[in-house]
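Both backbone and side-chain heavy atoms feed into the values below; hydrogens, waters and symmetry mates do not.
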Amino acid sequence: MKIAYTLAPGRGETNLLLAEFAEEMAKRGLRLCGTVQVDTERDKDHHCDMDVKVLPEGPVIRISQDLGKEARGCRLDTNALEEAVALTDRQLGEGADLLLVNKFGKHEADGRGFRDTIGQALAAGVPIIVGANKLNVQALIDFCDGMAVELAPEVDVLRDWVLTSE
């Protein structure tokens with residue numbers, strides 16, 4: 001089982017790290033599948049827009065819903081996320097050297113989202129790097145039965161882990 005996760009300390013930093021990492025791995029010729037998240041900041045009265053780029057070449061899918069500036073509920077558009085999952089599954093089925101999952105979030109913690117995709121990649125022997133967040137990192141560790149390796153949030157560390165797993 002070759003799965004690792006990373007968690008950067010600042011808001012949006014894990015997203016930036018994984019996007020930079022994906023770009024470097026693509027330049028090295030690795031066949032990537034999965035998603036990286038790109039946030040678009042809005043004015044201070046609104047949350048950012050959340051988009052995921054389906055690897056390797058898109059599309060970019062908006063996974064957040066605008067619920068209004070006073071909304072406090074979950075803004076995730078689960079249908080859009082499942083579209084990204086389906087496209088990732090298709091790409092994984094065509095062959096991949098690495099699966100990147102932008103975040104193991106509440107949807108995954110609840111048994112949906114990229115959970116089955118992660119299982120398929122593990123069964124196929126494809127290494128996986130998952131972005132984690134503080135709220136759901138324990139659910140990720142439990143899902144992986146303690147086998148996931150925590151990696152420092154640095155491109156060099158992620159790269160070394162992937163390249164030694166080939």
Novice: Treat each ILVMFWY residue as a node, draw an edge where side-chain heavy atoms are under 4.5 Å apart, and state whether L100 and L151 are in one component.
Specialist: yes
Novice: Is there a donor-acceptor pair closer than 3.5 Å between any side-chain N or O of D97 and the backbone N or O of R31?
Specialist: yes
Novice: To the nearest 0.5 Å, tell me how far L18 CG sits from T6 OG1.
Specialist: 7.0 Å
Novice: Just verifying a value: how many Å separate I141 CD1 and I3 CD1, rounded to the nearest 0.5 Å?
Specialist: 11.0 Å
Novice: For W161 and I128, work out which heavy atoms get closest and say how close.
Specialist: CH2-O, 3.5 Å
Novice: Group every Ile, Leu, Val, Met, Phe, Trp and Tyr by side-chain heavy-atom contacts under 4.5 Å, then state whether V157 and L30 land in the same group.
Specialist: yes
Novice: Working to the nearest 0.5 Å, report the span between CG of L55 and CD of E23.
Specialist: 11.0 Å
Novice: Side chain to side chain contact (heavy atoms under 4.5 Å, CB included) between L81 and F114: does it pass, once the steps are laid out?
Specialist: CA-CA 9 Å; L81 178 64; F114 282 99; 3.8 Å; yes
Novice: Would a distance-only check, ignoring hydrogens and angles, find a side-chain to backbone donor-acceptor pair under 3.5 Å from T117 to D89?
Specialist: no
Novice: With no hydrogens and no angle check, is any side-chain donor or acceptor of E82 less than 3.5 Å from a backbone partner on G113?
Specialist: yes
Novice: Counting distance only, does the side-chain N/O of N133 pair as donor-acceptor with the main-chain N or O of N136 below 3.5 Å?
Specialist: yes
Novice: Check whether the side chains of D116 and Q120 place a donor and an acceptor atom closer than 3.5 Å, and report yes or no.
Specialist: no
Novice: List the atom of L163, the atom of R28, and the distance in Å for their closest heavy-atom pair.
Specialist: CD1-NH1, 3.7 Å
Novice: Within a reach of under 6.0 Å around CD of E94, are more than 12 heavy atoms found that belong to other residues, nucleotides or ligands?
Specialist: yes
Novice: Where the side chain of T14 meets the backbone of A8, is there a donor-acceptor pair that is under 3.5 Å apart?
Specialist: yes
Novice: Under 4.5 Å between side-chain heavy atoms, hopping through other hydrophobics if needed: is there a path connecting L87 to V130?
Specialist: yes
Novice: Rounded to the nearest 0.5 Å, what separates atom OG1 in T78 from atom CG in D110?
Specialist: 11.5 Å
Novice: Looking only at heavy atoms, what is the nearest atom pair of A121 and L99, with distance?
Specialist: CB-CD2, 3.7 Å
Novice: Could you give the distance from CZ (F104) to CG (L7), rounded to the nearest 0.5 Å?
Specialist: 13.5 Å
Novice: Hydrophobic cluster membership, with links at side-chain heavy-atom distances under 4.5 Å among I/L/V/M/F/W/Y: are M25 and V149 in one?
Specialist: yes
Novice: Just by modelled atom types, is the G105 backbone N or O under 3.5 Å from a matching donor or acceptor in the E108 side chain?
Specialist: yes
Novice: Measuring from M147:CE to L122:CG, what's the distance to the nearest 0.5 Å?
Specialist: 9.5 Å
Novice: What are the two closest non-hydrogen atoms of P56 and L32, and how far apart are they?
Specialist: CD-O, 3.7 Å
Novice: Can you confirm whether V54 sits close enough to Q91 that some side-chain heavy atom of one is under 4.5 Å from a side-chain heavy atom of the other?
Specialist: no
Novice: Between E83 and V52, does the side chain to side chain contact (heavy atoms under 4.5 Å, CB included) criterion hold? Intermediate values first, please.
Specialist: CA-CA 11 Å; E83 178 184 351; V52 291; over 6 Å; no
Novice: Between V155 and L17, is the side chain to side chain contact (heavy atoms under 4.5 Å, CB included) condition met? List the steps.
Specialist: CA-CA 7 Å; V155 171; L17 169 72; 3.6 Å; yes
Novice: What are the two closest heavy atoms between A96 and V126, and how far apart are they?
Specialist: O-CG2, 3.6 Å
Novice: Restricting to non-hydrogen atoms, name the atom on F21 and the atom on V162 that form the minimum distance, rounded to 0.1 Å.
Specialist: CZ-CG2, 3.6 Å
